[in-house]
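The next block holds one structure in the form of structure tokens; read it before the comments.
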Amino acid sequence: MSDCVFCKIIAGQIPSTRVHEDEHTLAFMDIGQVNPGHVLVTVKKHADNLYALDEVQAAAVARTSVRVARAIRDAYAPAGLSVYQANGQAAGQTVFHYHAHLVPRHADDGMALSWPVKNPPREKLEEYAGKIRAGLAKRSLA
Ligand code: 5GP
Ligand code: ZN
């Protein structure tokens, strides 16, 4: 999938703010995000969607999502965290390479989320990611 935007991010051809990387998964900050700590968890080998994940990828995605979610909790203490995985254009998906959205929720968010947003504070992404990376490092030492 040479024209896949996430494959290009994984290959380093498109820059991204990385939170975590291992053999099977990459977690990075969504440039369309509005909430601090909105993270995308994706697989390093192209898979169109959830149905295309093999067992190893599926387990790795779950592990990375749980670890990053805990680090987000450590960093921001949000009131909650939502995990989104849309499938297909009808579900509003815009990038067709498997990824989950980890979105910290705050008490006054309500049920509706309006993302992707048009003018994200990109200059803040490195700061947000740094806090999450620090949480991951602390937990891997423990
Ligand atoms: P989807 O709507 O497909 O579930 O989510 C795709 C997400 O990928 C969008 O929220 C969008 O902001 C994000 N995205 C698209 N292109 C890029 C990019 O080049 N870099 C980063 N970091 N995120 C991207
Ligand atoms: Zn891809």
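Everything numeric here is computed off the predicted structure, so don't read it as measured data. When a ligand or atom number is given, it counts from 1 through the structure's own listing order. Counting begins at 1 with the first residue of the sequence.
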Are any of the side-chain heavy atoms of [X] and [Y] separated by less than 4.5 Å?
{"X": "Leu102", "Y": "His38", "answer": "no"}
{"X": "Leu136", "Y": "Arg70", "answer": "no"}
{"X": "Phe96", "Y": "Asp48", "answer": "no"}
{"X": "Leu26", "Y": "Phe6", "answer": "no"}
{"X": "Ile10", "Y": "His97", "answer": "yes"}
{"X": "Val61", "Y": "Tyr98", "answer": "yes"}

Within ligand 1, which atoms have a heavy atom of [X] less than 4.0 Å away?
{"X": "Phe6", "answer": "8 (O)"}
{"X": "Gly92", "answer": "2 (O)"}
{"X": "His101", "answer": "1 (P), 4 (O), 5 (O), 10 (O)"}
{"X": "Ile9", "answer": "18 (C), 19 (O), 20 (N), 21 (C)"}

At under 4.0 Å between heavy atoms, is it the side chain or the backbone of [X] that contacts ligand 1, or both, or neither?
{"X": "Tyr98", "result": "neither"}
{"X": "Met29", "result": "backbone"}
{"X": "Phe28", "result": "side chain"}

Below 3.5 angstrom, do we get any N/O pair linking Ala86 and ligand 1?
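In this structure, Ala86 places no N or O atom under 3.5 Å from an N or O of ligand 1.
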
Looking only at N, O or S atoms, which one in His97 sits nearest to the Zn ion (ligand 2)?
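Nearest to the Zn ion (ligand 2) within His97's N, O and S set: ND1.
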
Identity of the N, O or S atom of His46 lying closest to the Zn ion (ligand 2):
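Considering only N, O and S atoms, His46 comes nearest to the Zn ion (ligand 2) through ND1.
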
Please compare Val39, Ile14, Asp30, Thr94 and report which has the shortest non-hydrogen distance to atom 14 (N) of ligand 1.
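It is Asp30 whose heavy atom sits nearest to atom 14 (N) of ligand 1.
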
Of the listed options Gln85, His99, Gln89, closest to atom 1 (P) of ligand 1 (non-hydrogen atoms)
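Among Gln85, His99, Gln89, the closest heavy atom to atom 1 (P) of ligand 1 belongs to His99.
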
is_close_aromatic(His99, His101), centroid dist under 6.0 Å:
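Yes, they do, as the ring centres are separated by less than 6.0 Å.
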
Please identify each residue that fulfils side chain to side chain donor-acceptor pair (under 3.5 Å) with His24, with sequence neighbours left out.
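His24: no side chain to side chain donor-acceptor pair (under 3.5 Å) contacts found.
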
By side chain to side chain donor-acceptor pair (under 3.5 Å), which residues pair with Arg18, not counting sequence neighbours?
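Arg18 satisfies side chain to side chain donor-acceptor pair (under 3.5 Å) with Glu21 once adjacent residues are dropped.
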
With the threshold set at under 4.0 angstrom, would you say Thr17 reaches ligand 1 through any of its heavy atoms?
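Not so, Thr17 does not reach ligand 1.
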
Between SG of Cys4 and SG of Cys7, what angle is found at the Zn ion (ligand 2), rounded to 10 degrees?
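That angle works out to 120° after rounding to 10°.
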
